[in-house]
*Asks:* 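Shown below is the structure under consideration.
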Amino acid sequence: MNYRHAFHAGNHADVLKHVVLLAICDALAVKPAPCFALDTHAGAGVYSLLDEQARRTGEADGGIGRLLDAPARTPAVIRYLDAVAACRAAHGEATYPGSPWLLAHALRAQDRIACCEIEPGAQAALRQSVGRDPRVAVHGRDGYEACRALLPPRQGGQAFARGLVLIDPPYEAQRAEFDTALSAMRDAMARWPQGIQALWYPIKQRRTLTPFLRAAGKLQTRSTLVVELLVRPDDSPLRMNGSGLLLLDPPWQLATTLAPALEELQQRLGEDRMGSTRLHWLREPV
């Protein structure tokens, strides 16, 4: 699998990832202290759904396209669609925001964001879309390495006690990517134990995720939450049937916020009523 952002912008996996991302940002913004966000595999920042890559797959039609057909019903989905509308107001009606743009949109003047992207074309687009924002630093470096180099976060004389690490790799290494990602999460936890961590992952056949989730459940967190959305049964290795996020030490009440949103996404994005969701604690908060 090679999950390059431009080919899949606005699909069902992006919808889930970005609904969750915005909910985490809003929880962080409740307290006045500044936050830091690290986006390890940032992509271009903003995408045109009219570009050749997006049109080749047409995946946005089954994601953001379906949600725009009718008003949202739950607060987290309403929040997400408001952010998409803000991106389109700024960049054009056929655009879709990536995670760097959403982080810059959701976080505040006192917060700081580091975005890593090593692919030259995507990196140039990222600098164009968010690099002029004084809160955002664009790094042309490996995102996993950044978990060691940029954490704990400090800019100038300011240290950041709160924030988020978002790991959203292309999964070019197939199952080996899970081992690499979990290793990076262990590094990040050791360097910045106060931070929230979110790892996005694709779902083709759920049984292949068992070793990954077993290993994730052994991480020494305060709490570990799995959030998944499938739009079709997870019985085919030939296509992505859904996706999930592994959340380490998520904000208090995040699961309560996400539960009704997941139900809405299942109803609106599931194909032939075959969608399903999962909201499961691998390690429950004490």
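Along the sequence shown, residues carry numbers from 1.
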*Asks:* Quick check: does any side chain N or O of Arg66 sit under 3.5 Å from a backbone N or O of His12, one acting as donor and the other as acceptor?
*Replies:*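 Side chain of Arg66 to backbone of His12, a donor-acceptor pair under 3.5 Å: no, none is there.
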*Asks:* Using a 3.5 Å distance criterion without hydrogens, assess whether the side chain of Asp133 forms a donor-acceptor pair with backbone atoms of Val130.
*Replies:*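 Absent.
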*Asks:* With distance as the sole test, does Arg79 use its side chain to make a donor-acceptor pair with the main-chain N or O of Asp26 at under 3.5 Å?
*Replies:*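 Not at all, since once roles are kept as given, no pair shorter than 3.5 Å links the two residues.
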*Asks:* With no hydrogens and no angle check, just 3.5 Å: does a side-chain donor-acceptor pair link Tyr201 and Glu177?
*Replies:* no
*Asks:* Rounded to the nearest 0.5 Å, what separation is found between the OG1 atom of Thr277 and the CD atom of Glu264?
*Replies:* 12.5 Å
*Asks:* Do Trp252 and Val227 share a hydrophobic cluster, counting only Ile, Leu, Val, Met, Phe, Trp and Tyr and linking them when any side-chain heavy atoms are less than 4.5 Å apart?
*Replies:*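 Cluster IDs for Trp252 and Val227 differ.
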*Asks:* Distance check, rounded to the nearest 0.5 Å: Leu166 atom CG versus Leu245 atom CG?
*Replies:*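 Rounded to the nearest 0.5 Å, the CG-CG separation comes out at 7.5 Å.
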*Asks:* When hydrophobic residues are tied together by side-chain contacts of less than 4.5 Å, even through go-betweens, does Ile78 share a cluster with Leu254?
*Replies:* no
*Asks:* Is the closest side-chain heavy-atom distance between Ile64 and Tyr80 below 4.5 Å?
*Replies:* yes
*Asks:* Answer with yes or no whether the hydrophobic clustering places Val20 together with Leu282; edges join I, L, V, M, F, W, Y residues whose side-chain heavy atoms lie under 4.5 Å apart.
*Replies:* yes
*Asks:* Supply the atom-to-atom distance Ile118 CD1 to His41 NE2, rounded to the nearest 0.5 angstrom.
*Replies:* 7.0 Å
*Asks:* With side chains defined as the heavy atoms from C-beta onward, is the minimum distance between Arg162 and Lys31 less than 4.5 Å?
*Replies:*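 Yes - at least one pair of side-chain heavy atoms lies under 4.5 Å apart.
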*Asks:* What is the distance from atom CG of Leu16 to atom OG of Ser243, rounded to the nearest 0.5 Å?
*Replies:* 4.5 Å
*Asks:* Does the pair Asp168 and Lys17 meet the rule for a salt bridge (Lys or Arg N to Asp or Glu O under 4.0 Å), with working shown?
*Replies:* CA-CA 9 Å; Asp168 182 17; Lys17 175 173 42 184; 2.7 Å; yes
*Asks:* Do you reckon Met189 sits in the same ILVMFWY cluster as Trp281, going by side-chain contacts under 4.5 Å, direct or chained?
*Replies:* yes
*Asks:* Quick one, Leu164 and Ile196 - any side-chain contact, counting heavy atoms below 4.5 Å?
*Replies:* yes
*Asks:* Closest approach of Leu269 and Gly62, non-hydrogen atoms and distance?
*Replies:* CD2-O, 3.6 Å
*Asks:* Do Pro251 and Ile24 have side-chain heavy atoms sitting under 4.5 Å apart?
*Replies:*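 Pro251 reaches Ile24 side chain to side chain.
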*Asks:* Considering residues, nucleotides and ligands other than Asp272, do more than 12 of their heavy atoms fall under 6.0 Å from its CG?
*Replies:* no
*Asks:* Transitively linked via ILVMFWY side-chain contacts under 4.5 Å: Leu22 with Tyr47?
*Replies:* no
*Asks:* Does the side chain to side chain contact (heavy atoms under 4.5 Å, CB included) test come out yes or no for Leu246 and Trp200, once each step is laid out?
*Replies:* CA-CA 7 Å; Leu246 172 68; Trp200 177 87; over 6 Å; no
*Asks:* Backbone N or O of Gly43 within a donor-acceptor pair of the Glu117 side chain at under 3.5 Å?
*Replies:* yes
*Asks:* Specify the closest pair of heavy atoms between Ala106 and Cys25, including all atoms of both residues, with the distance to one decimal.
*Replies:* CB-CB, 3.7 Å
*Asks:* Report yes or no: does Trp192 contribute a side-chain atom to a donor-acceptor pair with the main-chain N or O of Phe160 at less than 3.5 Å?
*Replies:*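 Yes, Trp192 side chain to Phe160 backbone: donor-acceptor pair under 3.5 Å.
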*Asks:* Just wondering, do Leu209 and Asp234 contact through their side chains at under 4.5 Å, heavy atoms?
*Replies:* no
*Asks:* May I ask you to decide if Arg222's main-chain N or O and Asp249's side chain share a donor-acceptor pair within less than 3.5 Å?
*Replies:*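 Confirmed, Asp249 side chain pairs with Arg222 backbone.
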*Asks:* Please name the pair of heavy atoms, one in Ala9 and one in Ala60, separated by the smallest distance, quoted to 0.1 Å.
*Replies:* O-CB, 3.5 Å
*Asks:* Could you tell me the separation between the CZ atom of Phe36 and the CD atom of Gln155, rounded to the nearest 0.5 Å?
*Replies:* 6.5 Å
*Asks:* Are the side chains of Asn241 and Val231 in touch, meaning some heavy atoms are under 4.5 Å apart?
*Replies:* no
*Asks:* Any sub-3.5 Å donor-acceptor pair from Arg283's side-chain atoms to Leu219's backbone N or O?
*Replies:*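 Indeed, once roles are kept as given, a pair shorter than 3.5 Å links the two residues.
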*Asks:* Testing His18, Arg88, His91 for side-chain hydrogen bond (donor to acceptor under 3.5 Å, both in side chains) with Tyr96, which one passes?
*Replies:* His18
*Asks:* Please say whether more than 12 non-hydrogen atoms of neighbouring residues, nucleotides or ligands are located less than 6.0 Å from CZ in Arg73.
*Replies:*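 Yes, CZ of Arg73 has more than 12 neighbouring heavy atoms, counting only those of other groups under 6.0 Å.
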*Asks:* Cys35 and Asp111: which non-hydrogen atoms are nearest, and at how many Å?
*Replies:* N-OD1, 2.7 Å
*Asks:* Nearest heavy-atom pair of Arg191 and Pro193: which atoms, and what distance?
*Replies:* C-CD, 3.7 Å
*Asks:* Is there a side-chain contact between Glu59 and Asp14 (heavy atoms, below 4.5 Å)?
*Replies:* no
*Asks:* Does a donor on one side chain and an acceptor on the other come within less than 3.5 Å for Gln123 and Arg141?
*Replies:* no
*Asks:* If I take atom CG from residue Leu38 and atom CD1 from residue Ile113, how far apart are they, to the nearest 0.5 angstrom?
*Replies:* 11.0 Å
*Asks:* Between Thr257 (side chain only) and Ala23 (backbone N and O only), is there a donor and an acceptor less than 3.5 Å apart?
*Replies:* no
*Asks:* Donor-acceptor check, side chain of Arg135 to backbone of Ala104, threshold 3.5 angstrom: yes or no?
*Replies:*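 At least one qualifying donor-acceptor pair exists.
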*Asks:* Would you say the ring centers of Tyr171 and Phe178 fall short of 6.0 Å from each other?
*Replies:*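 So the answer is yes for these two rings.
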*Asks:* Taking all heavy atoms of Pro250 and all of Ser223, pick out the closest pair and write down the distance.
*Replies:* CD-OG, 3.3 Å
*Asks:* Between Ser183 and Thr180, does any side-chain donor sit less than 3.5 Å from a side-chain acceptor?
*Replies:*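 The answer is no; no qualifying pair exists.
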*Asks:* Checking Val165 against Ile167 for the side chain to side chain contact (heavy atoms under 4.5 Å, CB included) test, could you report, in this order, the C-alpha distance in whole Å, the side-chain angles of both residues, the deciding distance, and whether it holds?
*Replies:* CA-CA 6 Å; Val165 178; Ile167 303 176; 3.9 Å; yes
*Asks:* With side chains defined as the heavy atoms from C-beta onward, is the minimum distance between Cys147 and Thr40 less than 4.5 Å?
*Replies:*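 Side chain of Cys147 against side chain of Thr40, heavy atoms only: contact under 4.5 Å found.
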*Asks:* Under a 3.5 Å distance rule, please check whether Gln197 uses its side chain to pair with a backbone N or O of Met185 as donor and acceptor.
*Replies:* yes
